[in-house]
Amino acid sequence: MAAATFGFPHEHRLGKPADFKYVFEKAEKSADTYLTVLARVNDRGHARLGLAIAKKQIPRASARNRIKRLIRESFRLRQAELGSVDIVVLARSSARLSDGETLRNSLEKHWKALIKRCDSC
RNA sequence: GGAGUCGGCCGGACAGUCGCUGUCCGCGUUCGCGCGGAGGGAGGAAAGUCCGGGCUCCGCAGGGCAGGGCGCCAGGUAACGCCUGGGGGGCGCGAGUCCACGGCAAGUGCCACAGAAAAUAUACCGCCUCGUUUUCCUAAGGAAAGCGCGGUAAGGGUGAAAUGGUGCGGUAAGAGCGCACCGCGCUCCCGGUAACGGGAGUGGCAGGGUAAACCCCGCCCGGAGCAAGACCAAAUAGGGGAGCUUUUGGGUAAACCAAGACGUGUGGCCCGCACGGCUCCCGGGUAGGUCGCUCGAGGCACGCGGUGACGCGUGUCCCAGAUGAAUGACUGUUCCAGACAGAACCCGGCUUACAGGCCGACUCCUUUC
RNA sequence: GCCGGUGUAGCUCAGUCGGUAGAGCAGCACAUUCGUAAUGUGCGGGUCGUAAGUUCGAUUCUUAUCACCGGCU
């Protein structure tokens, strides 16, 4: 059961353009200077994650990979608490210069805020 | 010991926990996949996309034109604008290093300003012979100044660049006018596969620069690119074909024409209005998916040939194939505290970025033996 | 990933057989007006994206590099 709680298989990702469109249409939003996090309730019984790290905001490929890994890792550890929602994380240009510790703290904040709001609605 | 040159290599290590993605084996399976185990999982530049190939589709008898590229010689290579060796020139005491290094004595163009003149030459100042006028000195004669016909390329001045350089002779003054040496052209001989080098003779010298100006000569090049291309293929609309249901009239014929019935929608219902054969198959094709997709001009070791790039032979190994896109996170130990940076069809190069470290060869200087 | 284009004054742009770079707007000063705007006259402002090379000489030619923009799903 532990593996199922912390794992990150393919069904837990947003793959198709339609999935992203679904979230962008009507989403709960939480943002700071590093990241913008969008969330919308789904009917799948688990959380799903989509990443939108723009080349325009983060020009270097190695930096984009680093940010995506940090977000996936944080999501993997917290997904059980998030419930049944689709999430899209967008990077902003200041994320390029920030270190891992800063981004992890930022993500923790966003998860908590979204859990609260999705429960209430 | 110090300073330096060249070549090659590395790009944190180890352990534990939680995750991601291919491959192989075993078991289960609702054939979608799931579980367990083993083993693999970014780079020297993966980058820039600047060259060259493979591969795929399109075009194509052959050749030429146009356009583009390359440019000392020889070799290597699948090919190259790359590499190796050699030649010539520049820089450095040296090890070495740098060079788009064919042709302007085929043609055309350009060379601002300055300068007399910027390229068939030419005479501004100057120098000199001769003629002539004036003035001066004691006559013959000479001197100075002006003007004129000429000679001259030594000197001045301009410029980035001025028609071989230096010296001696020579001359009215000068000049390859003559001579010596250097440079240049031509001829011959020798060495070298060649670029080129060396030597001898000969010509008095013909060539300003610019071809990353047009151009000439030699060689090379068809175009597009894995978002290439191939295959499977839902829903909806439309296309083609077959079969079938149905009232009346026209008609050889029930799908050719007209009217009606019937069905659907609107509406509480009727009239009315609008729309409409039904079923199956076929091909194109969108979403989506599969293949292309990694065994290759491959790595490593040894031997042989070659100065070398490289080639040949034998043995051995399988070493990323993702698709919102996989290598990470946390903890601990340790050291010199980790730079530049992330594969996307694949190779060979070039160029650019880069913390720090290791190895080898060689040069110069100083000191000691 | 692939293909193509552009960098010149504060802004928008010109600039060809290589010879010391311009226009409009903006800015400043003066004139005009009681004052402002408009108008007129004058002035300043450029490492020609960066670095090498070719040339006597480069915005222009060549190479490398940096930045920005666009197209292809």
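As a basis for the values below, the full set of heavy atoms in this structure was taken, side chains included, without hydrogen atoms, waters or symmetry mates. So that the names make sense, note that chain A is the first sequence line, chain B the second, and so on, each numbered from 1.
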By the rule that syn is within 90° of 0, classify the base conformation of [N] as syn or anti.
{"N": "B/rG44", "answer": "syn"}
{"N": "B/rC33", "answer": "anti"}
{"N": "B/rA47", "answer": "anti"}
{"N": "C/rU8", "answer": "anti"}
{"N": "B/rG52", "answer": "anti"}

**OP:** Name all pairs fulfilling the ring pair (Phe, Tyr, Trp, His ring centres under 6.0 Å) condition that reach into residues 39-92 of chain A, sequence neighbours left out, sorted by first residue then second.
**Re:**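 Residue pairs passing ring pair (Phe, Tyr, Trp, His ring centres under 6.0 Å), neighbours aside: A/Phe8-A/Phe75, A/His12-A/His46.
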
Euclidean distance for [atom1], [N] against [M] (whole angstrom):
{"N": "B/rU351", "M": "C/rA64", "atom1": "C1'", "result": "8 Å"}
{"N": "B/rC347", "M": "B/rA297", "atom1": "C1'", "result": "8 Å"}
{"N": "B/rC354", "M": "B/rG71", "atom1": "C1'", "result": "36 Å"}
{"N": "B/rC215", "M": "B/rA206", "atom1": "P", "result": "32 Å"}
{"N": "B/rC82", "M": "B/rG41", "atom1": "C1'", "result": "33 Å"}
{"N": "B/rA254", "M": "B/rG250", "atom1": "C1'", "result": "13 Å"}

Looking only at non-hydrogen atoms, find the nearest pair between [X] and [Y] and report the distance.
{"X": "A/Val23", "Y": "A/Ala39", "value": "CG1-N, 4.5 Å"}
{"X": "A/Ala95", "Y": "A/Tyr34", "value": "CB-O, 3.7 Å"}
{"X": "A/Gln79", "Y": "A/Arg76", "value": "NE2-O, 3.3 Å"}

Considering Watson-Crick and G-U wobble pairs with both distances under 3.5 Å, what does [N] pair with?
{"N": "B/rG225", "value": "B/rC55"}
{"N": "B/rG22", "value": "none"}
{"N": "B/rG272", "value": "B/rU266"}
{"N": "B/rU210", "value": "B/rG109"}
{"N": "B/rU363", "value": "B/rA3"}
{"N": "B/rG141", "value": "B/rC137"}
{"N": "C/rG1", "value": "C/rC72"}
{"N": "B/rU29", "value": "none"}

Are side-chain heavy atoms of [X] and [Y] found at a separation under 4.5 Å?
{"X": "A/Glu108", "Y": "A/Arg78", "value": "yes"}
{"X": "A/Val88", "Y": "A/Leu14", "value": "yes"}
{"X": "A/Lys29", "Y": "A/Leu38", "value": "yes"}

side-chain N/O [X] vs [N] OP1/OP2, d < 4.0 Å:
{"X": "A/Arg13", "N": "B/rU323", "value": "no"}
{"X": "A/Ser62", "N": "B/rA341", "value": "no"}
{"X": "A/Arg72", "N": "B/rA326", "value": "yes"}

Mind checking if A/Arg66 touches a base, just sugar-phosphate, or nothing, with heavy atoms under 4.0 Å?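 Touches nothing.
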
What contact category does A/Leu14 fall into here, base, sugar-phosphate, or nothing, at under 4.0 angstrom with non-hydrogen atoms? sugar-phosphate

On RNA chain B, more 5' by nearest nucleotide between A/Arg60 and A/Glu101 is A/Glu101

Query - RNA chain B: 5'-proximal contact among A/Ala63 and A/Ala52 (nearest heavy atom) - result: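 The residue closer to the strand's 5' end, by nearest nucleotide, is A/Ala52.
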
Report the C-alpha distance between A/Ile87 and A/Trp111 in whole Å, list the side-chain angles of each, state the deciding distance to 0.1 Å, and finish with yes or no for side chain to side chain contact (heavy atoms under 4.5 Å, CB included).
CA-CA 10 Å; A/Ile87 292 174; A/Trp111 299 148; 3.9 Å; yes

query: Any donor-acceptor pair under 3.5 Å joining the side chain of A/Arg76 to the base of B/rC20?
result: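 Flag unset: no donor-acceptor pair detected.
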
Write down the protein N/O and nucleotide N/O pairs, taken from nucleotides 40-42 of chain B, whose separation is under 3.5 Å; answer none if there are no such pairs.
residue, atom, partner, partner atom, Å
B/rA42, N6, A/Asn65, ND2, 3.4

After noting the C-alpha distance and the side-chain angles of A/Thr36 and A/Arg92, does the key distance pass the side chain to side chain contact (heavy atoms under 4.5 Å, CB included) rule? CA-CA 7 Å; A/Thr36 300; A/Arg92 310 186 68 174; 3.6 Å; yes

Picking from B/rA343, B/rA329, B/rA325, the nucleotide nearest the side-chain atoms of A/Leu70 would be B/rA329

